[in-house]
2 protein chains.
Amino acid sequence: MPRSTSTSSPKAGPVTLAMVARRAGVSPQTVSNALNSPDLLRPETLERVRRTVDEMGYRPHRAAQALRTRSSKLIGYGIRPTPHGTTTPVMDRFLHALSQAADEAGYRILLFASPPGSAGLEGHEELLDLHHVDGFVLSGTERSDPRQGWLAKRGVPFVGFGRMWSGRQIGDWADVDGASGTDAAVEHLIALGHRRIGFLGWPHGSGVGDDRADGWRRAMRRHGLPVRGRSARSADDLDAARAAVGPLLDAGATAVVAASDVLALGCYHALRERGARPGADVAVVGFDDSPTAALLSPSLTTLAQPLEAVGRECVRLLLARMGRPTAPPERVLLEPSLVVRDSTTLVPAPDD
Amino acid sequence: MPRSTSTSSPKAGPVTLAMVARRAGVSPQTVSNALNSPDLLRPETLERVRRTVDEMGYRPHRAAQALRTRSSKLIGYGIRPTPHGTTTPVMDRFLHALSQAADEAGYRILLFASPPGSAGLEGHEELLDLHHVDGFVLSGTERSDPRQGWLAKRGVPFVGFGRMWSGRQIGDWADVDGASGTDAAVEHLIALGHRRIGFLGWPHGSGVGDDRADGWRRAMRRHGLPVRGRSARSADDLDAARAAVGPLLDAGATAVVAASDVLALGCYHALRERGARPGADVAVVGFDDSPTAALLSPSLTTLAQPLEAVGRECVRLLLARMGRPTAPPERVLLEPSLVVRDSTTLVPAPDD
DNA sequence: CTCAGGCATTGGAGCGTTCCAAGAACCTTA
DNA sequence: TAAGGTTCTTGGAACGCTCCAATGCCTGAG
């Protein structure tokens with residue numbers, strides 16, 4: 001295995017293109033061509049140059065490339081701390097997926113984490129030296145935030161993970177179809193024989209939450225089931241959820257679809273308070289497939305976001321945007337997948 | 001608010017240092033000095049140049065700086081997928097902290113996520129174009145892995161989050177003192193009146209796991225309490241943990257210190273299997289303060305890793321290493337902090 | 001008045017790469 | 001053999017910045 005054997009002088013310093021050229025007996029430009037436009041060279045020359053490159057363990061200097069080509073092969077990723085201060089467990093996996101997808105396209109991810117305090121980041125902080133990034137991926141773009149406008153104005157290509165729910169839509173995005181997810185959850189529950197299916201969501205006004213509520217509502221209506229008085233709202237907090245879901249349970253719901261795993265867990269608590277067993281007496285479905293979901297008992301049926309796919313789409317959209325800056329915006333919706341666990345299947349459906 | 005008003009020609013393109021110089025009536029070098037060595041300029045000139053810089057919204061071109069100074073102000077972060085495929089919930093927060101700390105030092109984090117398949121990453125994959133990074137932070141460096149040697153050989157400064165437990169130690173690292181954590185857990189339990197305190201850990205050979213076991217053992221010994229037959233080992237898996245901790249409980253343990261939150265949860269399950277209530281009948285302490293810990297019922301007392309501090313230390317160590325490459329390695333141990341929740345305080349200590 | 005010496009500023013070069021246009025080699029065709 | 005068209009290769013310049021050495025200016029001493 002000819003692992004880049006650093007030959008020649010011991011005090012080498014980095015190998016430059018010029019050194020390779022000298023050693024291979026060609027001009028620097030030819031070496032550059034060998035790497036970037038191989039079809040310009042005669043096969044014979046190409047082979048020789050390539051061998052020399054390998055022998056010397058040559059790697060192009062990215063800064064020099066970036067300076068010359070005006071492209072850094074870097075994608076910025078702007079993390080925004082969630083308002084609640086909770087780092088979404090989702091972002092970890094997404095970041096992995098994003099990095100992966102970027103890698104495959106020859107790009108690398110550069111982190112722009114906004115300090116927890118600062119609300120927006122247009123305040124001179126991070127984006128200042130932004131022009132050494134080829135594009136930008138934004139996450140947590142639920143509501144129209146200053147960043148989009150800022151980037152658009154400066155002509156920096158960007159793509160969002162997440163729609164903007166309020167304000168005018170700008171730019172491309174990829175998002176998870178929350179409505180489709182809760183819709184599928186309802187279908188699942190109906191197939192199990194449930195009819196009195198409640199929904200536990202976040203307060204009105206959060207785009208993501210409203211979307212998830214919509215899916216539940218439309219599925220219920222499609223099956224001719226009533227929705228009035230079957231939904232409750234609560235902050236994404238255990239105790240608040242426990243309290244909020246109470247009336248639904250007391251009204252005889254046999255299943256609850258929740259807008260998050262935390263809400264679902266709040267539902268567990270409310271059930272136990274009433275001497276009922278989640279999964280056995282009342283089915284519960286969460287959303288996000290957080291690590292906790294699989295650990296609960298009963299394990300929680302939940303909707304998993306296709307983060308790998310979202311990551312790939314973000315990169316694809318971004319590259320496309322960089323290719324043709326003036327093309328009309330493209331938006332992609334991806335389907336979450338229902339992960340069926342014990343919280344909906346412990347027991348045959350009650351017959352209402 | 002004079003937000004960088006892009007003045008002058010509409011089809012400007014990026015503002016360069018030369019343009020600023022021309023407009024301010026000084027040489028390019030003087031502008032450079034104004035930014036990098038302000039004390040070289042006469043206050044009057046400095047003021048004038050600075051104003052021009054602001055007016056024109058000038059930002060230095062990082063690639064050009066990097067090319068000239070041979071320093072990219074970039075820190076690579078190598079994520080290694082954990083063997084179990086589970087992304088440690090810890091890494092998310094750590095990455096935030098790291099990015100934060102790097103930012104404050106004028107550096108930015110560049111992600112190097114190894115594809116899930118590849119075992120090591122010395123295989124030409126990521127580190128190839130590594131020389132456009134000033135330094136490297138490695139995580140998941142439990143056992144001596146090829147990356148350290150690889151980096152050391154190439155003279156790339158690096159720092160690890162985590163000791164290397166096997167093999168010869170290379171380089172600087174910052175780590176969390178697991179032993180101190182479990183020691184503190186035992187102290188906490190003893191203060192509550194417990195005496196029969198068991199330990200549930202991972203199989204021997206994992207450095208991190210053995211470290212956590214050591215802390216429990218030394219605290220027990222310090223208090224003259226027996227350790228033989230009081231510990232069990234299991235994979236970091238719910239069912240395995242539940243089974244493994246059984247004998248400890250059956251032998252009359254009134255408290256269990258676990259090497260992870262998942263193991264602790266396994267303990268919950270084992271207790272319920274026996275009709276006992278975690279927290280009330282037997283105290284349980286976990287490790288890591290994963291998001292799940294606060295959600296469990298009873299909520300789990302656990303050891304929180306000081307990830308923000310670790311992130312800061314990693315950056316500090318790395319910068320120091322870059323400053324004086326031949327200095328002796330520096331190692332930093334940070335104390336985890338005990339987060340007391342219901343699983344140890346639901347009920348007064350039993351009197352053995 | 002000249003000259004040393006400190007301070008503020010400048011010119012020129014070069015970091016490593018790729019673009020551009022021009023050059024050398026090669027093969028066809030007259 | 002010379003002219004013409006490819007195909008392959010080359011030299012020079014430029015990207016935007018900072019290093020280095022040298023310049024001009026001013027002050028104070030000889």
Side-chain angles (χ1 to χ4, degrees), chain A residues 12-53 56-74 106 128-134, chain B residues 8 11-53 56-74 106 128-134:
Chain A
V15 183
T16 73
L17 188 139
M19 299 182 192
V20 177
R22 209 174 313 127
R23 200 170 203 265
V26 294
S27 83
Q29 181 58 43
T30 302
V31 179
S32 176
N33 286 338
L35 297 168
N36 302 321
S37 322
D39 47 323
L40 284 183
L41 301 204
R42 209 181 345 168
E44 179 187 309
T45 318
L46 180 59
E47 171 55 22
R48 180 159 43 98
V49 172
R50 280 200 169 141
R51 219 177 27 238
T52 314
V53 164
M56 303 183 72
Y58 167 71
R59 291 282 117 199
H61 193 295
R62 294 305 275 269
Q65 289 183 311
L67 176 59
R68 184 68 248 221
T69 63
R70 323 196 63 70
S71 149
S72 59
K73 293 290 184 179
L74 253 35
L128 287 183
D129 53 339
L130 188 140
H131 63 288
H132 81 283
V133 157
D134 290 344
Chain B
S8 63
K11 191 242 172 194
V15 182
T16 74
L17 186 141
M19 299 182 192
V20 177
R22 209 173 312 129
R23 200 170 203 264
V26 294
S27 82
Q29 181 58 46
T30 300
V31 179
S32 175
N33 286 338
L35 298 168
N36 303 320
S37 321
D39 47 324
L40 284 183
L41 300 203
R42 208 183 344 170
E44 178 187 313
T45 319
L46 180 58
E47 172 55 22
R48 179 160 43 100
V49 172
R50 279 202 169 140
R51 217 176 29 239
T52 314
V53 164
M56 303 183 73
Y58 167 71
R59 290 283 116 198
H61 194 296
R62 294 306 273 269
Q65 288 183 310
L67 177 58
R68 183 69 247 220
T69 63
R70 322 196 65 68
S71 149
S72 59
K73 295 288 184 180
L74 254 37
L128 287 184
D129 53 339
L130 187 140
H131 64 286
H132 81 281
V133 156
D134 290 345

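Side chains are part of it too, since the values below use all heavy atoms of this structure and drop only hydrogens, waters and symmetry mates. Proteins get letters first, then strands, A, B, ... in listed order; numbering begins at 1 in each.
When all heavy atoms of A/K73 and A/D134 are compared, the closest pair comes out as N-OD2, 2.7 Å. When all heavy atoms are compared, the tightest approach of A/A63 to B/A66 is CB-CB, 3.7 Å. Of all heavy-atom pairs spanning B/V20 and B/M56, the tightest one is CA-SD, 3.7 Å. The minimum heavy-atom distance linking A/Y58 with A/V15 is given by the pair CD1-O, 3.3 Å. Residues A/P14 and A/M19 share a closest heavy-atom pair of O-CE, 3.5 Å. A/A34 and A/V49 get closest at one heavy-atom pair: CB-CG1, 3.6 Å.
Running 5' to 3' along DNA chain C, contacts with non-hydrogen atoms of chain B at under 4.0 Å begin and end at C/dA8 to C/dG16. Nucleotides of DNA chain D that come within less than 4.0 Å of any heavy atom of chain A span, from the 5' end to the 3' end, D/dC8 to D/dG16.
A/R48 pairs by the side chain to side chain contact (heavy atoms under 4.5 Å, CB included) definition with A/V26, A/T45, A/R51, not counting sequence neighbours. With sequence neighbours excluded, the residues forming a side chain to side chain donor-acceptor pair (under 3.5 Å) with B/T30 are B/S27, listed by chain and number. With sequence neighbours excluded, the residues satisfying side chain to side chain contact (heavy atoms under 4.5 Å, CB included) with A/R22 are A/A18. B/S32 is linked by a side chain to side chain donor-acceptor pair (under 3.5 Å) to B/N36, counting only residues two or more places apart in sequence or in another chain. For B/T69, the side chain to side chain contact (heavy atoms under 4.5 Å, CB included) partners at least two apart in sequence or on another chain are B/S71.
Atom CG of B/L46 and atom CG of B/D39 lie 9.5 Å apart (nearest 0.5 Å). Of the inter-residue distances, the one linking A/R62 atom CZ with A/L67 atom CG reads 14.0 Å to the nearest 0.5 angstrom. The line from CZ of A/R68 to CZ of A/R70 is 9.0 Å long, rounded to the nearest 0.5 Å.
Comparing B/A64 and B/G25 along DNA chain C, the residue whose closest nucleotide (by nearest heavy atom) sits nearer the 5' end is B/G25.
Within residues 65-74 of chain A, the residues having any heavy atom closer than 4.0 Å to DNA chain D are, in order of number, A/L67, A/R68, A/R70. Less than 4.0 Å separates DNA chain D from at least one heavy atom of each of the following residues of residues 30-38 of chain B: B/S32, B/N36.
Checked by atom type and distance alone, the side chain of B/S72 pairs as donor or acceptor with a backbone atom of B/H132 at under 3.5 Å.
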Pair pattern of DNA chain D in dot-bracket, where unpaired bases get dots and | marks partners in another strand, Watson-Crick or G-U under 3.5 angstrom: |||||||..|||||||||||||||||||||
